[in-house]
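See below for the structure under consideration.
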Amino acid sequence: MKIHAAVARAPHMPFSLERLDLEEPREGEILVRVVATGVCHTDIVMRDQHLPVPQPVVLGHEGAGIVERVGPGVAKVKPGDHVVMTFNSCGHCPSCNDHEETYCHEFFPRNFFGARADGSSGLSCEGERVHGNIFGQSSFASHALCHERNIVKVPGDADLALLGPLACGIQTGAGAVMNALKVEPGKVLAVFGMGSVGLAAVMAARIVGASRIIAVDVNETRLALAAELGATDIVNGKASDAVAAIMELTGAGVDYSIDASGVPAVIDECVRVLAPRGTCGIVGASPHGATLTLDLTHILSGGRRVRGIVEGDSNPDVLIPLLIDLHRQGRFPFDRLITFYDFADINQAVEDSEKSIVLKPVVRQPAV
């Protein structure tokens, strides 16, 4: 079938809007008509080859839409179901067997290699191979092929245009608090970086009952929004020494910290503000090969911990419906992070994201 898609053909260049051929769903695959897709920093990283994703490629990994057709063997959804497409996993490695799919041993091949597990791509343009299957979906398109492993059925009356970011960025921030760190009521959390991931963490921390939620950024507008969404304290890292400010606020430091920036110097600050037995979770994507130098005495003497967190340690079939329910209750207003664009304006959405003009761009397909 013919579809419209945004194709990345060269690093740092605008996406090319093209008409492509998309195969019919194979066994275990699901054809989704995309309603809307979030634009994530990881899409930009892949476009610009900071991660070695083959090109030409259709990116997009925060898709939401409606099932049109299913391949043989699919039982999870049927045509007409409303769905969110999230990260892919293999289903048979030790991590998947332990229900820790975010640490699938095949996470990179299944999500970043631009091909199905057998090496094929369902996309082409006049006989030219176009790489697809990014995060098991490649949803910068009017239609996407995904898999039972990475599809989440959502209520039919939920606003699909809003739901795509729950598949990655919002899920990552909220899951870091709720699943990975398991922040307890009364504990103190500092979140560095008030993009959509960091703000999702702030909202989740309020839900779980953290007594103090410290938001750190250099953008006063984002800090003001963080205060509205649940932060009890804000620290402008440009106007003051963030570590000194947090230690003055807390005395002994924080129980938990989250880095949503991916900047090694900021991650160091995240570790330095930990109280004894505190844990730092790293969720921000750093450039490939980036390294981190830490004060080992500080870590050892206080029993402090540093860990990476992928996709918020999420079981998407559980967390995404929970976040939708919390949003309906008015307790998780992630819609305040979203700015909508027409799909034809995807390059403007990316540019506005790169310039920090918007928090979470979402591109909407034309109504059918």
Side-chain angles (χ1 to χ4, degrees), residues 1-65 67-71 83 85-88 106-147 149-151 164 167-168 341-351 361-366:
M1 64 178 293
K2 294 287 187 181
I3 67 168
H4 290 95
V7 183
R9 289 188 172 273
H12 307 286
M13 296 296 292
F15 290 104
S16 173
L17 299 178
E18 301 180 22
R19 191 166 172 83
L20 305 181
D21 291 303
L22 179 65
E23 293 181 1
E24 289 296 309
R26 296 182 179 182
E27 183 172 359
E29 292 185 335
I30 300 153
L31 176 66
V32 175
R33 177 174 64 80
V34 178
V35 170
T37 308
V39 176
C40 179
H41 176 68
T42 304
D43 293 307
I44 300 170
V45 167
M46 289 188 282
R47 179 201 66 182
D48 293 343
Q49 298 290 277
H50 298 306
L51 288 170
V53 173
Q55 293 181 344
V57 62
V58 175
L59 303 173
H61 63 280
E62 292 183 342
V67 175
E68 285 203 345
R69 290 192 287 283
V70 300
V83 296
M85 294 174 281
T86 185
F87 65 90
N88 201 11
E106 296 182 18
F107 192 90
F108 268 82
R110 298 277 175 164
N111 292 284
F112 292 98
F113 280 14
R116 297 181 174 108
D118 66 2
S120 66
S121 174
L123 292 167
S124 60
C125 179
E126 298 180 351
E128 173 197 23
R129 177 188 174 107
V130 176
H131 296 278
N133 201 53
I134 295 298
F135 277 67
Q137 56 184 283
S138 289
S139 53
F140 282 170
S142 59
H143 294 75
L145 284 176
C146 66
H147 313 267
R149 296 284 307 171
N150 73 309
I151 199 162
C168 184
Y341 296 78
D342 291 337
F343 182 69
D345 298 323
I346 186 171
N347 288 310
Q348 187 65 55
V350 170
E351 181 179 341
V362 172
V363 291
R364 293 186 287 198
Q365 293 289 344

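These numbers were taken from a predicted model, which means no experiment stands behind them. Position 1 is the first residue of the sequence, and the numbers go up from there.
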Which atom of [X] lies closest to which atom of [Y], heavy atoms considered:
| X | Y | value |
| --- | --- | --- |
| Ala141 | Gln365 | O-NE2, 2.9 Å |
| Pro361 | Tyr341 | CB-CE1, 3.7 Å |
| Cys168 | Cys40 | SG-SG, 4.4 Å |
| Asn133 | His147 | OD1-NE2, 2.8 Å |
| Ser121 | Gly114 | CB-O, 4.4 Å |
| Ala344 | Leu17 | O-CD1, 3.7 Å |

Donor-acceptor check, side chain of [X] to backbone of [Y], threshold 3.5 angstrom: yes or no?
| X | Y | value |
| --- | --- | --- |
| Ser138 | Val58 | yes |
| Asn150 | Thr86 | yes |
| Asp48 | His12 | yes |
| Ser142 | Ile3 | no |
| Gln137 | Gly63 | yes |
| Thr37 | Gly60 | no |

| said: Any carboxylate oxygen within less than 4.0 angstrom of a Lys/Arg side-chain nitrogen, looking at Asp342 and Arg364? | reply: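 So Asp342 does not pair with Arg364 through a salt bridge.
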| query | So, Arg9 and Glu128, do they make that salt bridge, N to O below 4.0 Å? | reply |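 Looking at Glu128 together with Arg9, the answer is yes, because their closest N to O distance falls below 4.0 Å.
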Given side chains that start at C-beta, do those of [X] and [Y] come closer than 4.5 Å, heavy atoms only?
| X | Y | value |
| --- | --- | --- |
| Arg116 | Arg26 | yes |
| Met46 | His61 | yes |
| Glu23 | Glu29 | no |
| Val7 | Leu123 | no |
| His131 | Gln55 | no |
| Val39 | Val362 | no |
| Ile30 | Val83 | no |
| Val34 | Met85 | yes |

Nearest 0.5 Å, what's the [atom1]-[atom2] distance between [X] and [Y]?
| X | Y | atom1 | atom2 | answer |
| --- | --- | --- | --- | --- |
| His143 | Arg69 | NE2 | CZ | 7.5 Å |
| Ile134 | Asn88 | CD1 | CG | 11.0 Å |
| Leu31 | Glu24 | CG | CD | 6.5 Å |
| Ser16 | Asn347 | OG | CG | 9.0 Å |
| Ser120 | Arg129 | OG | CZ | 7.0 Å |
| Asp43 | Phe135 | CG | CZ | 8.0 Å |

| query | Angle class for the Phe107/Phe87 ring planes (parallel below 30°, perpendicular above 60°, tilted otherwise)? | reply |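 Ring orientation, 0 to 90° scale: tilted.
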| query | If you draw a 6.0 Å radius around CE in Met13, do more than 12 non-hydrogen atoms from other residues or ligands fall strictly inside? | reply |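 At most 12 heavy atoms, drawn from other residues, nucleotides or ligands, come within 6.0 Å of this atom.
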| request: Check ring pair (Phe, Tyr, Trp, His ring centres under 6.0 Å) between Phe15 and all other residues, then give those that pass, not counting sequence neighbours. | output: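 Phe15: ring pair (Phe, Tyr, Trp, His ring centres under 6.0 Å) contacts with Phe140.
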